[in-house]
Every structure is written in C-alpha cells, then in structure tokens.
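Worksheet for the structure shown next.
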Amino acid sequence: MTRLSVNINKIATLRNARGGNVPNPIEAAKNIESFGAEGITVHPRPDERHIRYADVDQLSKVVKTEFNIEGNPMDNFKDLVFRNQPTQVTLVPDSTEVLTSNAGWDTLKHQSYLKEVIAEFKSKGIRTSIFVDPDIQMIEGAKATGTDRIELYTEEFAVGYAKGKQQQAIKPYQECANLAHELGLGINAGHDLSLDNIRFFKQNMPYLDEVSIGHALISEALYQGLETVVKKYLELLK
Ligand SMILES: CC(=O)[C@@H](O)[C@H](O)COP(=O)(O)O
Ligand SMILES: NCC(=O)COP(=O)(O)O
C-alpha cells in the first residue's frame with residue numbers, strides 16, 4: 001500500500017496573500033483527511049513564506065493520520081519538530097533562499113552530520129526520512145546514516161515523463177528503490193508528482209511506502225475541487 005500524504009504548503013501561500021485566515025490550512029487538513037488521505041505534510045521554511053511555525057503547532061493537535069514535517073534541521077526547526085512530535089520528519093538540505101527544494105542530501109559528504117541529527121529524532125520516537133536524488137551512491141550513504149526511510153526526489157522523473165521519456169525517467173528510481181529495499185530502508189517519494197504522472201510512477205515503482213504531493217494537487221483542486229482531486233490520487237495509487 002502506498003500512502004498519500006498531502007502537502008498543504010500552498011494552501012498557506014493563498015492564506016498569507018491576504019493576511020487573514022482564509023483559506024484556513026488547519027480546516028483544509030481536516031477535510032483532506034476526511035476525503036481519505038493517509039497523511040498531511042508541511043514544509044515550513046525559515047522565512048515562513050507559506051506554512052508558519054504556528055500552523056505546525058496547531059496541526060499537530062488535529063492531524064489524525066500521519067503527520068510529516070519536512071525541512072532543513074537547523075536549530076529552530078529541530079525545536080519545532082521536538083515540540084510537535086510528528087509521525088515522521090523528512091530532512092531536506094534546502095538553503096534559505098531557494099524557491100523550492102532543488103536537491104537531495106549528499107549522504108556521503110554529510111554522513112556524520114546526518115547520523116547525529118537522525119539519532120536525535122529517532123531517540124524521541126520520530127520516524128526519519130531523508131530527501132535524496134535517485135543516485136545509487138546516495139542510497140548506500142543513506143543506509144549508513146541510520147535513517148528509517150529515504151524520500152526520492154522526483155522532479156527529474158516528472159521532467160522526463162513530461163518529455164515522453166517515461167521508461168528512461170523511471171529507471172533510476174526503480175534501481176534506487178530495489179537497493180533501498182535490500183538495505184532495509186523505507187521508500188517515500190515526492191516533488192512535482194501530479195495526476196498526469198502518478199499512475200505510471202506508482203505502477204512502475206517497487207516498495208513505495210508513501211508519496212507526498214502538494215503543488216500539483218492544490219493547483220488541480222482549483223479546477224476540480226479538493227475532494228475530487230484527493231480521491232482521484234487515492235484511486236490512482238491503488
Ligand atoms: C521536499 C519537497 O519536495 C517539498 O517539500 C517541496 O519542497 C515543497 O516545498 P514548497 O511548497 O516550498 O515548494
Ligand atoms: N516531499 C514532496 C512534497 O511534500 C510536495 O512536493 P510538491 O508536490 O509540492 O512538489
């Protein structure tokens with residue numbers, strides 16, 4: 001079974017545009033769960049351009065499915081995670097000025113740092129995942145960090161798929177998933193997954209535990225409605 005974790009960052013983007021509390025990300029999360037999603041993901045950035053730390057403090061009280069907090073484990077991020085005790089923390093090596101996530105961890109170069117940070121989260125009973133490119137060496141390095149899971153960064157897949165190079169696009173992800181499974185790592189995936197590419201991805205990816213989808217899903221919901229879109233993803237992930 002592949003869990004759908006809906007990233008609600010872009011609901012907060014719209015909320016922040018007017019300075020009030022409409023649309024309300026907390027209410028949206030509750031509705032998304034009622035439509036059948038098996039998780040809620042947030043990626044609070046240091047500039048709080050969308051999800052705010054205060055949103056996370058509220059969400060942790062209401063999310064009933066799996067709660068996944070993503071981010072670069074700088075001190076205030078670690079404090080946020082520790083006080084909210086999510087199901088999962090996903091470590092992403094974003095620098096503060098990036099427009100969006102644009103690379104996975106170098107799990108060889110940053111192995112000792114990741115090992116230390118992962119041990120901290122695991123000691124608090126929080127499942128860990130680290131955002132990685134679909135690179136065999138990065139998977140081998142990830143194993144050595146002690147992480148529970150990897151999250152395969154799927155922008156490269158989405159770009160290749162959109163160009164009609166489906167088999168070429170999925171191949172590195174299949175290879176990485178097979179190795180990760182052999183090494184006993186859980187397998188998540190995310191970034192630029194959409195209604196267009198998710199069925200092919202799911203049908204061709206082994207051992208896929210979770211996908212986290214936000215930007216496309218919220219955009220698609222503007223045309224089709226949030227409930228319809230969430231249920232379409234759930235159907236395509238069966
Ligand atoms: C790690 C990842 O791929 C997502 O968290 C993505 O970065 C969403 O971030 P934005 O919503 O800020 O684009
Ligand atoms: N980890 C990926 C995520 O949470 C959502 O990424 P996107 O669908 O907004 O590109």
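Indexing begins at 1, ligand by ligand and atom by atom, following the structure's order. Residues: numbered from 1 along the sequence shown. Just so it is clear, the values below take in all heavy atoms, side chains as well, and ignore hydrogens, waters and symmetry mates.
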**Element-labelled atoms of ligand 1 that are located less than 4.0 Å from some non-hydrogen atom of N7** = 5 (O)

**Prompt:** Side chain, backbone, both or neither: which part of E151 has a heavy atom under 4.0 Å from ligand 2?
**Reply:** side chain

**Message:** I'd like to know if the side chain of Y173 and the backbone of F157 have a donor-acceptor N/O pair within less than 3.5 Å.
**Reply:** yes

**Best match, A216, S194, G39, G214: closest heavy atom to atom 8 (O) of ligand 2** = G214

**More than 12 heavy atoms from other groups under 6.0 Å of CD on Q166** = yes

**Message:** Suppose I only count heavy atoms of H215 and a 4.0 Å limit; which atoms of ligand 2 are within that range?
**Reply:** 7 (P), 8 (O), 9 (O)

**Request:** List the closest protein heavy-atom neighbour of atom 8 (C) of ligand 1: residue, atom name, distance to the nearest 0.1 Å.
**Result:** N9 ND2, 3.7 Å

**Item:** From S5, S129, A189, S212 - option closest to atom 3 (C) of ligand 2 by heavy atom
**Value:** S212

**Item:** Nearest non-hydrogen partners of A29 and I8, listed with the distance
**Value:** CB-CD1, 4.1 Å

**Min side-chain heavy-atom separation D106-M138 under 4.5 Å** = yes

**Message:** So if I count the atoms of ligand 2 from 1 in the order they appear, which ones are less than 4.0 Å from some heavy atom of T41?
**Reply:** 4 (O)

**Request:** Around atom 9 (O) of ligand 1, find the nearest protein heavy atom and jot down its residue, atom name and distance.
**Result:** R45 NH2, 3.0 Å

**Request:** List the closest protein heavy-atom neighbour of atom 13 (O) of ligand 1: residue, atom name, distance to the nearest 0.1 Å.
**Result:** T100 OG1, 2.6 Å

Could you go through residues 111-119 and list every donor-acceptor pair under 3.5 Å that involves a side-chain atom there, pairing it with any protein atom two or more places apart or in another chain?
| residue | atom | partner | partner atom | Å |
| --- | --- | --- | --- | --- |
| Q111 | NE2 | T107 | O | 3.1 |
| Q111 | NE2 | G141 | O | 3.3 |
| Y113 | OH | P73 | O | 3.4 |

Taking only distance into account, with no hydrogens and no angle test, what donor-acceptor pairs under 3.5 Å do side-chain atoms of residues 199-208 form with protein atoms, sequence neighbours excluded?
| residue | atom | partner | partner atom | Å |
| --- | --- | --- | --- | --- |
| K202 | NZ | T2 | OG1 | 2.8 |
| N204 | ND2 | F200 | O | 2.7 |

**Numbered atoms of ligand 1 (with element) below 4.0 Å of H50, judged on heavy atoms** = 10 (P), 11 (O), 12 (O)

**Request:** Starting from atom 3 (O) of ligand 1, locate the nearest protein heavy atom and write down its residue, its atom name and how far away it is, to 0.1 Å.
**Result:** H191 ND1, 2.6 Å

**Message:** Between N24 and I26 (side chain of the first, backbone of the second, donor and acceptor by atom type, cut-off under 3.5 Å), is there such a pair?
**Reply:** yes

**Complete:** protein heavy-atom neighbour closest to atom 7 (O) of ligand 1 works out as S101 OG, 2.4 Å

**Prompt:** Closest non-hydrogen protein atom to atom 6 (O) of ligand 2, residue and atom name please, with distance?
**Reply:** H191 CA, 3.6 Å

**Prompt:** Does D47 pair with R45 as a salt bridge, N-O distance under 4.0 Å?
**Reply:** no

**Cluster check Y53, I11: I/L/V/M/F/W/Y, side chain < 4.5 angstrom** = yes

**Item:** Selected option - heavy-atom contact closest to atom 4 (O) of ligand 2, from I213, N7, V6
**Value:** N7

**Prompt:** Does a salt bridge link E235 with K232, judged by any charged N lying under 4.0 Å from a carboxylate O?
**Reply:** no

**Complete:** Residue, atom and distance of the protein heavy atom nearest atom 5 (O) of ligand 1 read E70 OE1, 2.4 Å

**Prompt:** Relative to the heavy atoms of F131, which atoms of ligand 1 are at a distance of less than 4.0 Å?
**Reply:** 1 (C), 3 (O)

**Message:** Under 4.0 Å from a heavy atom of E70: which atoms of ligand 2 are those, numbered in the order shown and with their elements?
**Reply:** 1 (N), 2 (C), 4 (O)

**Asked** Taking the non-hydrogen atoms of K10, is any one of them nearer than 4.0 angstrom to ligand 1?
**Response** yes

**atom 10 (O) of ligand 2: the protein heavy-atom neighbour that sits closest, reported with distance to 0.1 Å** = D192 N, 2.9 Å

**Prompt:** At a 4.0 Å threshold, what atoms of ligand 2 neighbour a non-hydrogen atom of G190?
**Reply:** 2 (C)

**K171 and E175 ion-paired at < 4.0 Å** = yes

**Message:** Taking I187's backbone N and O only, do any of them form a donor-acceptor pair with D209's side chain (distance below 3.5 Å, no angle check)?
**Reply:** yes

